[in-house]
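Just so it is clear, the structure is predicted and the values come from calculations on it, not from any experiment. Each chain gets a letter, A, B and so on, in the order the sequences are listed, and its residues count up from 1.
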Amino acid sequence: MSNTVLFELGVEELPARFIDDAIEQLTSKTEAWFKESRIPFGEIRSFATPRRLAVQISDVGDKQPDLEEEAKGPAKKIAIDENGDWTKAAIGFSKGQGKEIDDIYFKEIKGTEYVHVTKFVEGEPTEQLLQNFKKVFLSLNFPKNMRWASYELKYARPIRWMVALYGEQVIPFNIENVTTGRTTQGHRFLGDEADIQDASLYEEVLEGQSVIGSVERRKQMIHDQLTSLQEEKGWSLILDEDLLNEVNQLVEYPTAFSGSFNEEFLDIPEEALITSMKEHQRYFPVRSTKGELLPHFVGVRNGNAEHIDNVARGNEKVLKARLKDAQFFYEEDQKGTIDQKLSKLKRMVYQEELGTLADKVERVVAVSGKVAEWLELDENTRQQTKRAAEICKFDLVTQMVDEFTELQGVMGEKYARLFGEDDVVATAINEHYMPRQANGAVPSTTVGAIVSIADKLDTIVGSISIGIIPTGSQDPYGLRRQSLGILQTLKEKGWNISVEQLIDLVHHFYRELNLPTRTHEEVEEDLHEFFKVRAAYLLREDGIDPDVVEAVLSNGIGRYASTRDKAKVLVSKRTDESFKPVQEALGRVMKLAEKASQVEVDPALFENDSESKLYDMYQMTHPAYHEALKEEQPEEALTVLSSLASPIHDFFDHTMVMAEDEKVKNNRLSLLKGISEDVRVFADLTKIEWKQQF
Amino acid sequence: MNIQDMILTLQKHWSDQGCLLMQAYDTEKGAGTMSPMTLLRSLGPEPWNVAYVEPSRRPADGRYGENPNRLYQHHQFQVIMKPSPDNIQELYLDSLRALGIDPNKHDIRFVEDNWENPTLGAAGLGWEVWLDGMEITQFTYFQQIGGLEARPVSAEITYGLERLASYIQDKENVFDLEWTNGVTVGDIFTQPEYEHSVYTFEESDEEMLFQLFTTYEKEAQRIMDKGLVFPAYDYVLKCSHTFNLLDAKGVISVTERTGYISRVRNLARKIAKTYVEERERLEFPMLAKEDESHE
């Protein structure tokens with residue numbers, strides 16, 4: 001006989017952002033628990049609303065399957081005495097296993113016979129086992145837990161009721177003061193409490209109390225309602241998937257409604273309007289089919305269509321107040337000058353140990369200036385860079401950004417234009433926050449890219465200087481994302497600047513701050529390591545094999561774009577059979593040269609032909625190789641190096657490097673050292689594992 | 001419904017639920033939470049149920065009485081129930097019904113919002129309650145107060161009275177709200193709003209305020225060492241308000257700011273600890289009272 005099982009956990013409103021993960025956990029942990037408890041079951045369906053998490057399990061068997069277990073007893077010679085009778089040991093064993101002496105049989109294990117019985121273990125009834133299910137509820141992890149009343153339990157929100165049914169039977173257990181039953185709670189306002197007669201009726205009972213239990217069904221309802229509103233009105237809604245999911249987890253019974261706001265508010269920048277609607281009110285903004293923002297919005301009520309006009313009017317009123325604020329901020333922010341706003345940065349903390357935002361900006365200006373100089377930009381662009389760096393944070397003191405933090409940069413660009421700043425400068429203010437998310441677009445303009453890199457470097461170097469180093473999943477200041485942003489920007493721009501140069505430049509400013517506790521050397525080491533790990537990550541993301549990544553980063557990151565190109569060349573070479581002897585030759589040179597200190601090579605000390613041939617070849621390849629690297633042609637550079645392979649093999653065939661004569665030996669090692677140094681500029685080839693792929 | 005009737009209604013409602021009706025506390029403060037009726041009484045094991053109106057001063061929000069939404073001083077209706085009752089959400093929703101808000105005609109939601117006041121070493125989890133998209137109430141389960149774990153947990157319900165009234169009375173400007181028949185918020189508060197703003201932003205004597213802060217701080221420290229928790233706490237409140245005035249004036253530098261906040265926090269922590277110790281010395285009288293009433 002089989003039954004349906006239902007477990008429902010009733011809680012006070014869960015944070016919307018907790019629910020998707022919680023129900024996923026509940027489902028997988030339920031499955032694991034049933035398997036571990038050896039209870040036969042069919043399918044698991046899950047349900048979740050802000051006030052409940054539930055699983056319904058179909059075709060649950062009424063008991064565990066019976067088991068036949070073999071139990072091993074004493075050896076035969078102990079079980080049977082010299083007369084051929086059962087000993088006390090044998091009798092005791094069979095009794096202990098709940099069997100008769102006649103049930104005993106022998107089985108040989110590693111040459112010795114032992115007494116055995118087959119034990120029958122009867123499966124336990126499901127109804128009893130289900131009482132232990134409470135541990136599944138208690139095992140759910142939430143991002144934040146709380147206590148309530150006088151209880152010890154910490155949970156996402158207070159638990160208010162539980163339903164646990166095996167078919168029609170209530171499974172008794174309790175968590176703190178809440179005991180299971182068959183009574184569930186309906187919608188807060190449209191429903192009532194209701195008894196569930198049989199576990200299989202859960203979804204219908206909920207629906208009878210105006211609760212749509214299935215997450216997918218609720219989402220589909222919202223989607224359908226939004227689509228039909230869209231069609232009816234000829235609108236095009238901005239259907240953000242994250243917003244849809246969040247809205248879905250804020251309601252038990254959804255009804256979409258639309259509202260309007262005064263057209264005068266459309267003068268406020270669109271980004272501010274959209275943020276206000278989406279982030280603050282969880283509304284879907286509305287565009288015309290041509291893409292213009294319209295003075296309408298769509299919200300989703302937790303309830304039905306009754307009195308929906310009243311709800312819409314209320315929401316309109318709230319939005320109006322918010323937009324009035326935004327309008328006021330927008331007008332106020334345009335008063336005064338940018339310089340007046342900049343002076344307020346002196347009063348805004350950036351990081352307690354790192355001073356104010358004005359201090360940060362000062363460093364960003366200096367770093368940007370230096371980078372512009374390295375890039376040999378024209379005077380005009382340098383001036384634009386300087387200005388952009390100086391005012392890149394001015395919008396942080398505007399009321400609009402104070403209210404809508406996510407609009408930093410966006411408002412900066414808009415206001416900068418209104419204040420008559422240069423186009424390039426205005427764009428750079430917005431772009432210096434890019435990439436805004438992982439794998440987002442990098443700044444398109446040179447000025448934007450410079451300020452972006454300078455700002456991010458300052459944040460990273462500053463944080464690491466005061467010991468804020470991301471560990472595991474902890475990266476509260478987004479340092480990893482920012483360092484990836486720097487590398488990606490450098491890659492796109494292909495500037496002739498190494499990552500190390502940049503780190504040292506910024507660290508130079510921090511050395512003067514004399515920050516507590518950490519030495520410059522520690523900080524430097526951490527910085528280089530931090531960037532190296534990020535570069536390695538990015539290269540692997542680009543499909544570069546780990547050993548090649550290690551090989552190209554052995555000398556540091558250098559110019560990231562070139563390093564990446566070199567890695568790509570090496571990756572393509574590793575499937576090339578003809579490259580194998582090259583890598584062997586160059587790798588062998590590098591290993592031997594490790595012990596050498598380089599002195600001037602003296603051809604007069606050569607004792608055989610292979611030595612002078614290799615030397616001559618090196619004299620030819622050395623300039624050509626560096627020329628190719630300078631020309632950004634890594635493939636060509638590697639080809640030049642490759643021409644050394646054959647003379648190297650020849651050299652090793654005919655020459656004892658470790659000669660007895662110290663002078664001769666050192667001369668040979670120096671030759672190898674020269675070649676090795678060249679190779680090392682490209683990559684540490686000894687790190688590459690030669691795995692031929694055909 | 002005018003504000004006066006709202007207050008009467010809420011008082012009646014929470015009084016019926018067993019809350020003591022207290023009056024506003026007579027020292028300046030930024031929020032109802034800072035009244036000793038909440039901050040101190042929510043500490044320790046003794047039961048405590050209370051409701052009161054608290055005028056709350058936020059000097060930096062002063063707008064010379066010209067902004068329709070922002071005030072130097074607004075009013076909160078504050079409820080504390082310790083330990084938090086199982087049906088606290090229902091009790092709250094009933095209070096809205098009492099105010100004439102029929103949930104079936106509106107959209108009421110509990111939207112996650114966690115509250116933290118580092119100055120008081122206090123933190124809690126809960127929601128902001130939305131009425132048709134407007135935040136009308138802050139609903140918090142205290143987890144920590146004055147750096148001490150809240151045991152048992154109090155439920156704190158804070159209604160923003162002007163907010164709620166603007167909805168109930170359908171008014172856009174806070175100064176147009178009716179306090180009672182024929183008298184508006186504007187009639188009562190326009191002048192003080194204006195004068196307090198002038199004082200806060202233009203006329204306050206910084207030197208005197210700096211001096212006061214130090215004086216209050218010292219006094220709090222001194223009397224706390226004598227175990228006089230309540231008077232000490234009054235001086236902490238004075239410190240806090242003085243700091244807010246200085247901050248609004250823009251005369252506290254960045255580095256100083258953190259310093260001041262941590263000075264207030266240290267005081268608050270010390271007071272929290274001393275309060276619990278003093279109550280323990282008195283054998284937690286409210287606990288004994290509860291036992292009596294159960295007999």
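Checked by atom type and distance alone, the side chain of A:R147 pairs as donor or acceptor with a backbone atom of B:A150 at under 3.5 Å. A donor-acceptor pair under 3.5 Å is formed between the side chain of B:D107 and the backbone N or O of A:N302. With hydrogens and angles disregarded, no donor-acceptor distance shorter than 3.5 Å links the side chain of A:W148 to the backbone of B:Y141. Here the side chain of B:E112 pairs no donor or acceptor atom with the backbone of A:L14 at under 3.5 angstrom. With hydrogens and angles disregarded, a donor-acceptor distance shorter than 3.5 Å links the side chain of A:R301 to the backbone of B:H106. A donor-acceptor pair is defined here as one N or O able to donate and one able to accept, closer than 3.5 Å; no such pair exists between the side chain of B:Q143 and the backbone of A:M146. Although no hydrogens or angles enter the test, the distance criterion places no donor-acceptor pair under 3.5 Å between the side chain of A:R160 and the main chain of B:N87.
Neither the backbone nor the side chain of A:L319 comes within less than 4.5 Å of any heavy atom of chain B. For a residue to count as touching a neighbouring chain, one of its non-hydrogen atoms must lie under 4.5 Å from one of that chain's; by this rule B:P85 touches chain A with the backbone only. With a 4.5 angstrom heavy-atom cutoff, A:D309 does not touch chain B via any of its atoms. With a 4.5 angstrom heavy-atom cutoff, B:F142 does not touch chain A via any of its atoms. Interface remark: B:S154 contributes no atoms to any contact with chain A (heavy atom separation under 4.5 Å). Heavy-atom distances place no part of A:R322 under 4.5 Å from chain B, backbone and side chain included. Of the two parts of A:D325, only the side chain, counted from C-beta on, holds a non-hydrogen atom closer than 4.5 Å to a non-hydrogen atom of chain B. Both the backbone and the side chain of B:I108 come within contact range of chain A, judged by heavy atoms closer than 4.5 Å. Neither the backbone nor the side chain of A:R313 comes within contact range of chain B; no heavy atom of the residue lies under 4.5 Å from a heavy atom of that chain. When heavy atoms are compared at a cutoff of 4.5 Å, A:V178 does not approach chain B at all.
Among residues two or more places apart in sequence or in another chain, the salt bridge (charged side-chain N to carboxylate O under 4.0 Å, His left out) test is passed with B:E202 by none. B:R163 meets the salt bridge (charged side-chain N to carboxylate O under 4.0 Å, His left out) test with no other residue; sequence neighbours excluded.
Taking CG of B:D132 as the reference point, atom CD of A:Q281 lies at 10.5 Å (rounded to 0.5 Å). A distance of 10.0 Å separates CZ in A:F328 from CG in B:N69, rounded to the nearest 0.5 Å. Here the straight-line distance linking atom CG of B:N104 with atom CG of A:L190 works out to 5.5 Å at 0.5 Å rounding. In this structure, the separation between CD on A:E12 and OG on B:S84 is 7.5 Å, given to the nearest 0.5 Å. Atom CD of B:Q89 and atom CZ of A:R51 lie 7.0 Å apart (nearest 0.5 Å).
Two residues are said to be in side-chain contact when any heavy atoms from C-beta on lie closer than 4.5 Å; B:R109 and A:V251 meet this criterion. Using a 4.5 Å heavy-atom cutoff, the side chains of B:D102 and A:F189 are not in contact. Counting heavy atoms from C-beta outward, A:R282 and B:V111 have side chains that approach closer than 4.5 Å. In this structure, B:W127 and A:R157 have side chains that are in contact, with non-hydrogen atoms separated by less than 4.5 Å.
Across A:P158, A:A312, A:G303, the residue that shares the most heavy-atom pairs under 4.5 angstrom with chain B is A:P158. The choice from B:G126, B:P68, B:S166, B:A155 that makes the most heavy-atom pairs within less than 4.5 Å of chain A is B:G126.
Applying the 6.0 Å contact sphere to OH of A:Y253 captures no more than 12 heavy atoms from other residues, nucleotides or ligands. Within a 6.0 Å sphere centred on CD of A:E362, heavy atoms belonging to other residues, nucleotides or ligands number 12 at most. Few gaps surround OH on B:Y64; more than 12 heavy atoms of other groups in view lie less than 6.0 Å from it.
Minimum heavy-atom separation, B:P83 to A:A149: CB-CA, 3.9 Å.
Comment: A:E306 does not engage B:K105 in a salt bridge, judged by the lack of any side-chain N to carboxylate O separation of less than 4.0 angstrom. Taking a cutoff of 4.0 Å between a charged side-chain nitrogen and a carboxylate oxygen, A:E152 and B:R151 qualify as a salt bridge. Between B:E172 and A:K320 there is a salt bridge, with a side-chain nitrogen of the basic residue lying less than 4.0 Å from a carboxylate oxygen of the acidic one.
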Exercise for the section: Please test B:E90 against A:R188 for salt bridge (Lys or Arg N to Asp or Glu O under 4.0 Å), starting from the C-alpha separation and ending with a verdict. Expected result: CA-CA 9 Å; B:E90 281 73 28; A:R188 257 196 198 289; 3.3 Å; yes
